[in-house]
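Before any comments, here is the structure.
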Amino acid sequence: MDYVIIVAGGKGLRMGTDIPKQFLPVNGKPILMRTIERFRAYNDTLQIVLVLPREQHSYWKSMCSDHHFDIACRLADGGTTRFESVKNGLMLIPDEAKGVVGVHDGVRPFVSEAVIGRCFDAARKSKAVIPVVPVIETLRRLEHNGSGENVLRDAYRLVQTPQTFDIALLKKAYQQPYQDAFTDDASVTEAMGQVVTMVEGNRENIKITTPFDMMMAETLAQREDSGDDFLR
């Protein structure tokens, strides 16, 4: 059985709003609900674990009632770090579980079904997989003295989610002590020697963090809600 842990611990600070960004509506529907719907569209038997700060659990349940949102999710408590949040989510997956677990940012509601499928399928063979997209703008490295130089963008990729793993592997990786270098789940598994495989992501799979991102999200949501199947 496969799982996805959707991590939604944002507090909306960079968005300039009192409402946590995962609950903000895009084209009338909360971001987090759109994200969950992407995974349900990919596989209706996928087990969903939703990680939210404990103080947001009741708010989420109220929102689900208001929007008649009935996709089943098991709730886990968010931690003070992403590492702790994912670890809490993993605790809701049985230790004896076999299969693949994905970890996805709650504010990435436009991941395509094709990307989700590529990630889960590749993880059955490679055990650790991340979706990436090319860098399309000029990339510059900054030096300590304030100067800098351009670097070859072909040597770099932008990392997205879902990051997918063999369940036993990820559970073992999250038994390690926390390190500042743990910026995502791939870095946690790499710390114990695991090689991470890259697959193609989709450009629309943006992480909604700023008001500008919200403007882009509105356009994408309008396309999706009009019946455009660009996220298939």
Side-chain angles (χ1 to χ4, degrees), residues 1-13 19-24 29-67 69-109 111 116 119-120 123 128-130 160-179 182-189 191-192 207-209:
M1 181 175 292
D2 292 340
Y3 294 79
V4 64
I5 298 170
I6 297 178
V7 184
K11 300 186 183 300
L13 299 179
I19 301 175
K21 57 190 175 184
Q22 60 267 22
F23 299 139
L24 292 174
K29 183 182 294 183
I31 291 170
L32 186 52
M33 291 182 183
R34 290 184 177 276
T35 301
I36 293 170
E37 286 176 342
R38 299 310 310 147
F39 286 88
R40 177 56 73 239
Y42 158 68
N43 183 345
D44 61 9
T45 66
L46 189 68
Q47 300 297 298
I48 300 172
V49 176
L50 177 59
V51 184
L52 286 171
R54 175 173 284 276
E55 63 271 19
Q56 295 177 8
H57 285 200
S58 60
Y59 184 76
W60 168 248
K61 292 174 182 177
S62 177
M63 283 188 78
C64 288
S65 177
D66 292 343
H67 288 265
F69 187 80
D70 59 0
I71 297 177
C73 302
R74 296 189 65 187
L75 285 176
D77 292 343
T80 56
T81 62
R82 189 181 190 280
F83 178 88
E84 187 179 345
S85 292
V86 174
K87 189 171 185 177
N88 289 348
L90 282 168
M91 290 175 65
L92 295 186
I93 300 176
D95 289 340
E96 66 276 11
K98 306 291 185 182
V100 172
V101 56
V103 183
H104 189 70
D105 297 321
V107 289
R108 288 186 186 267
V111 59
I116 298 172
C119 291
F120 274 83
V129 176
I130 58 174
Q160 302 180 331
T161 65
Q163 299 187 2
T164 50
F165 306 88
D166 173 81
I167 292 174
L169 170 70
L170 195 63
K171 277 181 165 282
K172 181 179 179 181
Y174 270 88
Q175 292 173 7
Q176 300 176 99
Y178 174 75
Q179 301 177 34
F182 290 164
T183 56
D184 65 358
D185 310 287
S187 60
V188 179
T189 61
M192 63 178 200
K207 186 176 182 180
I208 302 174
T209 304

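Numbering of residues begins at 1 and proceeds along the displayed sequence.
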For the residue pair [X] and [Y], what are the closest heavy atoms and their distance?
X	Y	value
Arg40	Ala72	NH2-O, 4.2 Å
Ile130	Ala186	CG2-CB, 3.7 Å
Ala191	Gln179	CB-NE2, 4.4 Å
Gly106	Thr35	O-OG1, 2.7 Å
Leu75	Leu92	O-CD1, 3.5 Å
Ile5	Val86	CD1-O, 4.2 Å

Could you give the distance from [atom1] ([X]) to [atom2] ([Y]), rounded to the nearest 0.5 Å?
X	Y	atom1	atom2	result
His57	Ser62	NE2	OG	14.5 Å
Cys64	Ile36	SG	CD1	6.5 Å
Met1	Leu46	CE	CG	9.5 Å
Asp77	Glu55	CG	CD	9.0 Å
Phe165	Lys172	CZ	NZ	15.0 Å
Ile116	Phe39	CD1	CZ	4.0 Å

Are Asp184 and Arg82 ion-paired here, with the side-chain N under 4.0 Å from a carboxylate O?
no
Less than 4.5 Å apart, any side-chain heavy atom of [X] and any of [Y]?
X	Y	result
Ile208	Lys21	no
Asp185	Tyr174	yes
Lys87	Tyr178	no
Gln56	Gln22	yes
Met192	Leu169	yes
Ile6	Leu32	yes
Val111	Tyr42	no

Taking the side chain from [X] and the backbone from [Y], do they hold a donor-acceptor pair closer than 3.5 Å?
X	Y	result
Thr161	Asp105	yes
Asp2	Val100	yes
Asn88	Ala76	no

Using 30° and 60° as the class limits, which term best fits the ring planes of Trp60 and Phe69: parallel, tilted or perpendicular?
perpendicular
